[in-house]
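Below, all heavy atoms of this structure are taken into account, side chains as well, without hydrogens, waters or symmetry copies.
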Amino acid sequence: MTDNHDVGVTGSGTPTGELSEVRGLAAWVPAAIAAEAPLVTVVGDAILDGWWSGTIERLCREAPAPVVDIRRRDYAAGGAAGTAMSLAALGASVRRCGVSGTADAGGRLRTILEEAGVSTEDLVQDERVATTTKYRIVGAGQVMLRIDDTHEEPPTAAVEVLSGRIPGAVAGADAVVVCDYSSGALDDGVREALLEATTRDPDRLVVVDAHDTAAWSALGPDIVTPNAQEAAAVLDLRLDPRSDRAARVAARRDDLLAATGSAAVVVTLDRDGTVLLGRDGEEHRTWARPADEKQASGAGDTFVASLTVARAAGLPLSTSLDLAQAAADVVVHRPGTSVCTTADLTRHLQSFADTALTTAELLRRVEEDRADGKRIVLTNGCFDVLHRGHTRYLNQAKQLGDVLVVALNDDDGVRRLKGPDRPINPIADRAGIIASLSCVDYVSVFSTDTLVPLIDLLKPDVYAKGGDYTAQMLQETPSVEANGGRVSILDYVPERSTAAVVSRIRSLPVPLPADDAP
C-alpha cells in the first residue's frame, strides 16, 4: 500500500461459497487460504526499507542534535516488494515484476525477495536503475529521522523490457496487484501491456494500489485501495481528519467509482480503519486497533496483500476486508518493517477466543470510555452462525457511536429461544468470532431473558436492535429511555437469517466415504 496508509475458500477439505461466508473469521481461514496458495503477480515500484538503530549518549558539536551510534543495520522490502513479501507470508505463490538496479540496494532487495520464496524471474535488472531506499534512524528506541534516497525515473530501455515481460508474468495468475507510486516505471506502455494481458482472462482479480488510482481507470480493476488523501485528490475534496471521513467519501461513492473505473473502492482511513464502497451498493466498514506509538511500517502492504489473497481464494469481499484489517493490526503493533504470516494471523484470531468480559470488567472499561467523551452503543443477540446480515447489522450499530458492546445470549438462553438443537456453536466460539470483528469493541455474555438488568448497569447512549421490530415492541425500551438513552432499529436483511443458513447447511448432501475408508 502506498505511503501514509495507516492502515469461498476452495480446495479439498475446506468450505466453499456460502459456507465460508457464514462461518465468518474463524481461525481456520488463514490456513485454508494458505492451502489454496493462489498465484499472484505483483507489478510495480519497489522500495528498500533500512532501519539503522543505536544508542544516544551525546550531542554533536556542530548543532544541538543527538548523535546516534549505529549498532545494527536491518533491511526489509517495501512498496511492491513489501506487498510481494506479505503475500508470500500468507501462503500465496508470488511473482515479482518490475525494474531493479544491480547496485547494493537493488541486489539486497532481490535477495530478500528470493529468500522469502518470491519469484524474481520477471524482475528486470538494469545497472542504470537506482532503487529508492528509505532509512529510519532509530536512537534509544525512538525514530529520530527518516532519510529518503530517491532517484530519477528509470531509463526508457528498462521500462520497455518490463512491458515485454508483462504477458508472461501475468499468464496463469489468479490475481494481479499493481503498485504505482509514481516512479515512472509504470508508463503507458506497461499499462497497455497490463490491459491486454488482464482482459484475456476476465475472471482474474485485479487490484490497484496507486498514488493516482484514476490513472488506472482504463484497466477496470476489481478493487482500488486509495488512502484518504489519495481519495480526496481524485474527488477534488478536502477531508478534515476531525470529520467523519468515511461518511464523506461514501457520499461521493458514484464519483469515486466512476473516476477509478473500479468495481469496488476501499478507502483506508489510518486510525479510523477502512470503508468499502461497491458498485452494487455494498458498503462495509472496518475499525483499526492502532498502536499508541508509530514505529511500524508495512501495515499498508500487509493490508493490500491480505485483501488480495483472501479475495483470490474466494472469500466474500466484506470478509476479505475484515481479514485484511486484522492482518494490518498485527503488523502495526510491531517495530520496524514486518509482515503478517499465516501463523501470526491465526494466533491473532484465536486470541479473541474466551474474550467475553465479566460484567464488572465491562462496566470498568465503559466508564473509562465515557470519561473520554465516547458514546456507548449496546446490542445483543445469539450470533450463532455468523452471516452477512449479522456483519452488516454490527457495522451499522458501530456507526451510531464510538464504542460497540455486544451482549451474547449464553447457551441456555439460546436453547430457550431457538430450541434444543441450538446453539450450533458454543458461547466460547461465538464470543471469539464476534470479538474478532473490527467493529466490535467489547463482548459480554448474559443469562437473563431480557437485557434490562445489563442496560440498567451500563446505561448505553444507544441500544441498537436489528430485524422487523419497532421500539415499542422491545421490553428493553423503557429501561433504555429511563437511563437517558435511545433505541435505534437497524436495517432488516431479508433472507439472511441464521435459521435459513442452518437449514441450507443441513440440506447439503453428505459425501459418501471412499471404498477404502475404515
Side-chain angles (χ1 to χ4, degrees), residues 1-2 34 37-49 75-127 129-134 154 158-187 189-191 193-194 197-198 204-210 216 225 297-298 300-309 312 337-341:
M1 187 172 285
T2 56
L39 175 58
V40 184
T41 299
V42 181
V43 182
D45 304 325
I47 298 168
L48 179 66
D49 282 345
Y75 295 93
T83 301
M85 293 285 291
S86 295
L87 283 162
L90 290 167
S93 298
V94 188
R95 296 170 180 164
R96 172 74 182 96
C97 185
V99 294
S100 172
T102 57
D104 289 347
R108 181 174 282 119
L109 192 54
R110 191 183 189 97
T111 298
I112 291 172
L113 289 168
E114 291 174 347
E115 289 179 348
V118 175
S119 171
T120 59
E121 182 179 348
D122 296 304
L123 187 59
V124 177
Q125 283 191 294
D126 191 308
E127 62 182 8
V129 174
T131 301
T132 293
T133 306
K134 298 181 178 181
V159 178
E160 289 177 350
V161 174
L162 173 60
S163 298
R165 294 285 184 89
I166 295 294
V170 171
D174 298 299
V176 175
V177 182
V178 179
C179 301
D180 181 11
Y181 313 138
S182 304
S183 74
L186 304 187
D187 66 357
V190 173
R191 293 181 190 182
L194 276 168
T198 55
R204 180 183 291 118
L205 177 70
V206 178
V207 179
V208 172
D209 180 37
W216 290 89
T225 59
S297 180
D301 300 333
T302 296
F303 181 89
V304 172
S306 305
L307 179 63
T308 301
V309 74
T337 303
S338 60
V339 298
C340 176
T341 67

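- The CG atom of Leu109 lies 12.5 Å from the CG atom of Asp104; values are rounded to the nearest 0.5 Å.
- Here the straight-line distance linking atom OG of Ser297 with atom CG of Asp49 works out to 4.5 Å at 0.5 Å rounding.
- Using modelled atom types and a 3.5 Å distance limit, the side chains of Glu114 and Thr120 yield a donor-acceptor pair.
- In this structure, the side chain of Asp187 engages the main chain of Val190 through a donor-acceptor pair within 3.5 Å.
- The closest donor-acceptor contact from the side chain of Arg204 to the backbone of Ala173 lies under 3.5 Å.
- Closest of all the heavy-atom pairs between Ser163 and Gly189 is OG-C, 3.5 Å.
- Within the 4.5 Å cutoff, no side-chain heavy atoms of Val208 are placed close to those of Thr225.
- Put simply, the side chain of Asp209 does not reach to within 4.5 Å of the side chain of Asp180, judged on heavy atoms.
- The two residues Cys97 and Leu162 come nearest to each other via the heavy atoms SG-CD1, 3.5 Å.
- Judged purely by atom type and a 3.5 angstrom limit, Thr41 uses its side chain to pair as donor or acceptor with the backbone of Ala169.
- Two residues are said to be in side-chain contact when any heavy atoms from C-beta on lie closer than 4.5 Å; Val42 and Leu87 meet this criterion.
- Under the rule for a side chain to side chain contact (heavy atoms under 4.5 Å, CB included), the partners of Ala105 that lie at least two apart in sequence or sit in another chain are Leu48, Thr131, Thr133.
- A donor-acceptor pair under 3.5 Å is absent between the side-chain atoms of Arg165 and the main chain of Gly98, judged by distance alone.
- Side-chain N or O atoms of Asp45 include one that pairs as donor or acceptor with a backbone N or O of Tyr181 at under 3.5 Å.
- The shortest distance between side-chain heavy atoms of Val99 and Asp126 does not fall below 4.5 Å.
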